[in-house]
S.K.: 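First the structure, then my questions, so here it is.
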Amino acid sequence: MRRTRSLIALLACLVLLGGCKGGEGGGSGDGRVSVVASFYPLVDATRGVGGERIDVTNLTPVGVEPHDVELNPRQIDLVATADVVIYLGGGFQPAVEDAVRRVGKAVDVRAGLGDEAATADPHVWLDPVLFGKVVDGIEAALVDVDPAGADAYRAGATDYRRRLAELDAEYQAGLADCDRRTIVTSHEAFGYLARRYRLEQVAISGLSPDSEPDPRRLAELTDLVTSQGVTTVFTEELVSPRVAETLAREAGVKTAVLSTIEGVAKDSPDDYFSLMRANLATLRAALGCR
């Protein structure tokens, strides 16, 4: 009899332990799904979709260009042990892509964008319509790893896409009637945004923010700024403004920050949506929009 009771107790413990290990929300230690996202826009969207069911870790430290991020041993361990890793492929963050090759549950949100993201430009989040499709991929990844939370994830994704649609409508209206449509930027980060809202991006350097133009290129840009009546050369938070400031000084125009939204300080009141709206206000002022 005593042996029977012992076996029953052992089976009960095993059932309880199995339930605790698997649970409904994965392995964050508190019952929530543990998610690693490779940089800020994906963190913001993942939090919007997952809400309280998930625990999100950002692989890119504050103040670091996502392109340049290198992973330390602790971060590599986080990638290996997370319930799911959300990242943007296509060579945007080589260190991250190298780490996720050995991880089963890693989701490249760019893979679901098809021909719309077929260029080398990785900055898909600066187009709210395209970013909505990224949200689709995040929703699917969370539902896959935590089916019990499917309804919550679908509700979160629906709300986030609604906010993106509102943002897109604001951009469409805000940039519809402008004196100018050329934006001069530090590097080619705003191609998707420019294409969506019928602007022309002219970049000082290419897709790499570290490359610098030669004197001939700077002279050509100075002529373009003057001939097209450009009033503003746009700089970025995480890229040195030195070359952009030189161009603006030579052309006799001002500079303004146009955020790539690649990172936000931990305690900042800003989020993806407030930064996108700040960018819209900056663009409207520079382009003479009504």
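These values consider heavy atoms only, across backbone and side chains, with no hydrogens, waters or symmetry-generated copies. Just so you know, these numbers come straight off a predicted model, no measurement behind them.
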S.K.: Would you indicate whether the side-chain heavy atoms of F190 and L199 approach each other to under 4.5 Å?
M.R.: no
S.K.: Looking at T282, L287, V202, which hits side-chain contact (heavy atoms from CB on, under 4.5 Å) with I183?
M.R.: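 Filter result, single survivor: L287.
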S.K.: Within a strict 4.5 Å, meaning less than it, do heavy atoms of the Y40 and D44 side chains meet?
M.R.: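 The answer is yes; the side chains approach within 4.5 Å.
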S.K.: Does D127 form a side chain to side chain donor-acceptor pair (under 3.5 Å) with Y197? I'd like the steps, not just the answer.
M.R.: CA-CA 9 Å; D127 175 349; Y197 302 111; 4.7 Å; no
S.K.: Can you tell if the side chain of V33 reaches within under 4.5 Å of the side chain of R53, non-hydrogen atoms only?
M.R.: no
S.K.: Would R196 and D168 count as a salt bridge (Lys or Arg N to Asp or Glu O under 4.0 Å) here? Give the steps.
M.R.: CA-CA 9 Å; R196 178 68 60 188; D168 172 55; 5.2 Å; no
S.K.: For a 4.5 angstrom cut-off between non-hydrogen side-chain atoms, does V69 reach P61?
M.R.: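 V69 vs P61: side chains touch.
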S.K.: Grab the two heavy atoms, one from A106 and one from V100, that are nearest each other, plus how far apart they are.
M.R.: CB-CB, 3.8 Å
S.K.: Can V103 be reached from I86 by stepping across I, L, V, M, F, W or Y side chains whose heavy atoms are under 4.5 Å apart?
M.R.: no
S.K.: Distance-only, no hydrogens or angles: does the Y171 side chain make a donor-acceptor pair with backbone N or O of M276 under 3.5 Å?
M.R.: yes
S.K.: With no hydrogens and no angle check, just 3.5 Å: does a side-chain donor-acceptor pair link E262 and H123?
M.R.: yes
S.K.: Is any side-chain heavy atom of R284 closer than 4.5 Å to a side-chain heavy atom of C178?
M.R.: no
S.K.: Spell out, yes or no, whether V143 and L42 are grouped together once hydrophobic residues are joined by side-chain heavy atoms under 4.5 Å, including indirect joins.
M.R.: yes
S.K.: Can you tell me how far the CG atom of L113 sits from the CG atom of L88, to the nearest 0.5 Å?
M.R.: 8.0 Å
S.K.: Please tell me whether T57 and Q75 have a donor and an acceptor in their side chains that are separated by less than 3.5 angstrom.
M.R.: no
S.K.: Quick one: are L283 and L193 in side-chain contact, heavy atoms under 4.5 Å?
M.R.: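 Contact flag for L283/L193 side chains = yes.
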S.K.: Please confirm whether R163 makes a cation-pi placement over F273, using NZ or CZ under 6.0 Å from the six-membered ring centre and within 45° of the ring normal.
M.R.: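 Yes.
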S.K.: How close do E236 and A189 get, heavy atom to heavy atom, and via which atoms?
M.R.: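 Taking E236 first and A189 second, the nearest heavy atoms are OE2-CB, 4.4 Å.
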S.K.: Quick one: CG on L175 to CZ on R181, what's the gap to the nearest 0.5 Å?
M.R.: 6.5 Å
S.K.: Below 30° counts as parallel, above 60° as perpendicular, anything between as tilted: where do the rings of H187 and H67 land?
M.R.: perpendicular
S.K.: Using atom types as modelled and distance alone, determine if a side-chain donor or acceptor of T81 lies under 3.5 Å from a backbone N or O of D77.
M.R.: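 Indeed, once roles are kept as given, a pair shorter than 3.5 Å links the two residues.
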S.K.: Taking the six-membered ring for Trp, are F131 and Y272 closer than 6.0 Å centroid to centroid?
M.R.: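 Yes.
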S.K.: Are L247 and L258 connected in the hydrophobic side-chain network, where two residues link if heavy atoms are under 4.5 Å apart?
M.R.: no
S.K.: Determine which pairs satisfy salt bridge (Lys or Arg N to Asp or Glu O under 4.0 Å) with at least one residue from residues 239-255, sequence neighbours left out, and list them in order.
M.R.: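 Pairs touching residues 239-255 that pass the test: E212-R242.
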S.K.: Of all heavy-atom pairs between Y192 and E116, which one has the smallest distance, and what is that distance?
M.R.: CE2-O, 3.3 Å
S.K.: Under a plain distance cut-off of 3.5 Å, with no hydrogens placed, do D83 and S34 share a side-chain donor-acceptor pair?
M.R.: yes
S.K.: Using modelled atom types only, decide if a donor and an acceptor are shared between the side chain of N279 and the backbone of S259 within a distance under 3.5 Å.
M.R.: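 Present.
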S.K.: Please name the pair of heavy atoms, one in P66 and one in T60, separated by the smallest distance, quoted to 0.1 Å.
M.R.: CA-CG2, 4.0 Å
S.K.: What about L126 and L164, same hydrophobic cluster or not, with Ile/Leu/Val/Met/Phe/Trp/Tyr joined at side-chain heavy-atom distances under 4.5 Å?
M.R.: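 In one cluster with L126: L164, yes.
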S.K.: Taking the side chain as every heavy atom from C-beta outward, state whether V184 and V233 have any pair of such atoms under 4.5 Å apart.
M.R.: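 Side chain of V184 against side chain of V233, heavy atoms only: contact under 4.5 Å found.
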S.K.: Quick one: which residue pairs count as a salt bridge (Lys or Arg N to Asp or Glu O under 4.0 Å) with a foot in residues 213-235, not counting sequence neighbours?
M.R.: R216-E220, R217-E220
S.K.: Between F92 and W125, how do the two ring planes meet: parallel, tilted or perpendicular, split at 30° and 60°?
M.R.: tilted
S.K.: Under 3.5 Å, side chain of T46 to main-chain N/O of V43, donor-acceptor pair present?
M.R.: no
S.K.: Under the salt bridge (Lys or Arg N to Asp or Glu O under 4.0 Å) rule, what pairs show up with a residue in residues 99-111, not counting sequence neighbours?
M.R.: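 Residue pairs passing salt bridge (Lys or Arg N to Asp or Glu O under 4.0 Å), neighbours aside: D98-R101.
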